[in-house]
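Numbers for residues simply follow the sequence, beginning at 1. Just so you know, these numbers use all the heavy atoms, side chains as well, and skip hydrogens, waters and symmetry mates.
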Amino acid sequence: QVQLVESGGGLVQAGGSLRLSCAASGRTFSDYAMGWFRQAPGKEREFVAAISWSIGSTYYADSVKGRFTISRDNAKNTLYLQMNNLKPEDTAVYYCAARVGRSLYTGGYAYWGQGTQVSVSS
């Protein structure tokens with residue numbers, strides 16, 4: 001089992017940047033494929049980005065492609081999401097998630113953090 005804690009959210013103006021972090025504890029971090037999701041008020045949670053266990057592969061939702069970068073540091077047991085050129089529609093609670101597997105996944109995650117709020121003003 002793995003425990004996840006997100007940090008780095010906040011309020012930023014449109015066009016600005018934020019970097020989210022997700023600290024993992026418990027089982028070996030490198031055993032897990034990781035992902036970021038978000039949930040805006042009144043909307044369902046949606047997939048944002050995923051990274052494979054081996055660090056070699058990433059996958060993004062079309063809405064963030066070219067603006068967001070997912071990365072992981074297995075030595076520090078930490079997942080990151082660099083968010084650039086933020087837009088008001090990026091406003092949401094962002095969650096990191098983990099699942100056992102060696103591929104890229106847009107769903108089926110078993111472990112979730114508590115979320116961190118990102119607010120983008122126009």
Q. Crowded around Q13 CD? As in, over 12 foreign heavy atoms under 6.0 Å?
A. no

Q | Atom pair CD (Q3) and OG (S25), whose distance is rounded to the nearest 0.5 Å | A | 4.5 Å

(Q) Does any part of the side chain of R67, heavy atoms only, come nearer than 4.5 Å to the side chain of M83, both counted from C-beta? (A) no

Q: Please lay out, stage by stage, how V118 and L18 fare under the test side chain to side chain contact (heavy atoms under 4.5 Å, CB included).
A: CA-CA 9 Å; V118 172; L18 283 174; 3.9 Å; yes

Q: Look up atom OG in S119 and atom CG in L11, then write down how far apart they are to the nearest 0.5 Å.
A: 6.0 Å

Q. Any link between Y105 and L79 through a network of hydrophobic side chains (Ile, Leu, Val, Met, Phe, Trp, Tyr) touching at under 4.5 Å?
A. no

Q: With R45 as the cation and Y95 as the aromatic partner, state whether NZ or CZ is under 6.0 Å from the six-membered ring centre and within 45° of the axis.
A: yes

(Q) When you group the ILVMFWY residues by side-chain heavy-atom contacts below 4.5 Å and let the links chain together, are Y59 and Y32 in the same group? (A) no

**Q.** NZ/K43: more than 12 non-hydrogen atoms of other groups inside 6.0 Å
**A.** no

Q) Is Q82 reaching over with its side chain to a backbone N or O of R19, donor-acceptor style, under 3.5 angstrom? A) no

**Q.** From CZ (R99) to CG (D31), nearest 0.5 Å
**A.** 13.5 Å

Q) Got M34 and R72 here, is their nearest side-chain heavy-atom distance under 4.5 Å? A) yes

Q.
Donor-acceptor pair, distance only, cut-off 3.5 Å: does the side chain of E6 make one with the backbone of Q114?
A. yes

Q. How long is the gap from CD on E46 to CH2 on W36, to the nearest 0.5 Å?
A. 14.5 Å

Q.
Are I51 and W112 connected into the same hydrophobic cluster when the rule is that any two of I, L, V, M, F, W, Y join if their side-chain heavy atoms are below 4.5 Å apart?
A. no

Q. Do L81 and V48 touch side chain to side chain, with heavy atoms closer than 4.5 Å?
A. yes

Q: Could you state whether Y109 and V2 fall into the same hydrophobic cluster, counting links through intermediate Ile, Leu, Val, Met, Phe, Trp or Tyr residues with side-chain heavy atoms under 4.5 angstrom apart?
A: no

Q. Can you name the ring pair (Phe, Tyr, Trp, His ring centres under 6.0 Å) partners of Y94, sequence neighbours left out?
A. none

**Q.** Heavy-atom closest pair, residues S122 and P88
**A.** CB-CG, 3.9 Å

(Q) Can you give me the closest heavy-atom contact between T78 and A23, atom names plus distance? (A) OG1-CA, 4.5 Å

Q: Identify the residue among N85, V12, N84 that makes a side-chain contact (heavy atoms from CB on, under 4.5 Å) with S17.
A: N84

Q. How long is the span from the CG atom in N77 to the SG atom in C22, to the nearest 0.5 Å?
A. 10.5 Å

Q. Is the ring centre of F37 less than 6.0 Å from the ring centre of F47?
A. yes

**Q.** Any Q117 side-chain heavy atom under 4.5 Å of T91 side chain
**A.** yes

Q: Taking S63 for its side chain and A61 for its backbone only, find out whether a donor-acceptor pair lies under 3.5 Å.
A: no

Q) Does OH in Y60 sit with more than 12 non-hydrogen atoms of other residues, nucleotides or ligands closer than 6.0 Å? A) yes

Q: State plainly whether the residues D90 and K87 are in salt-bridge range, i.e. N to O under 4.0 Å.
A: no

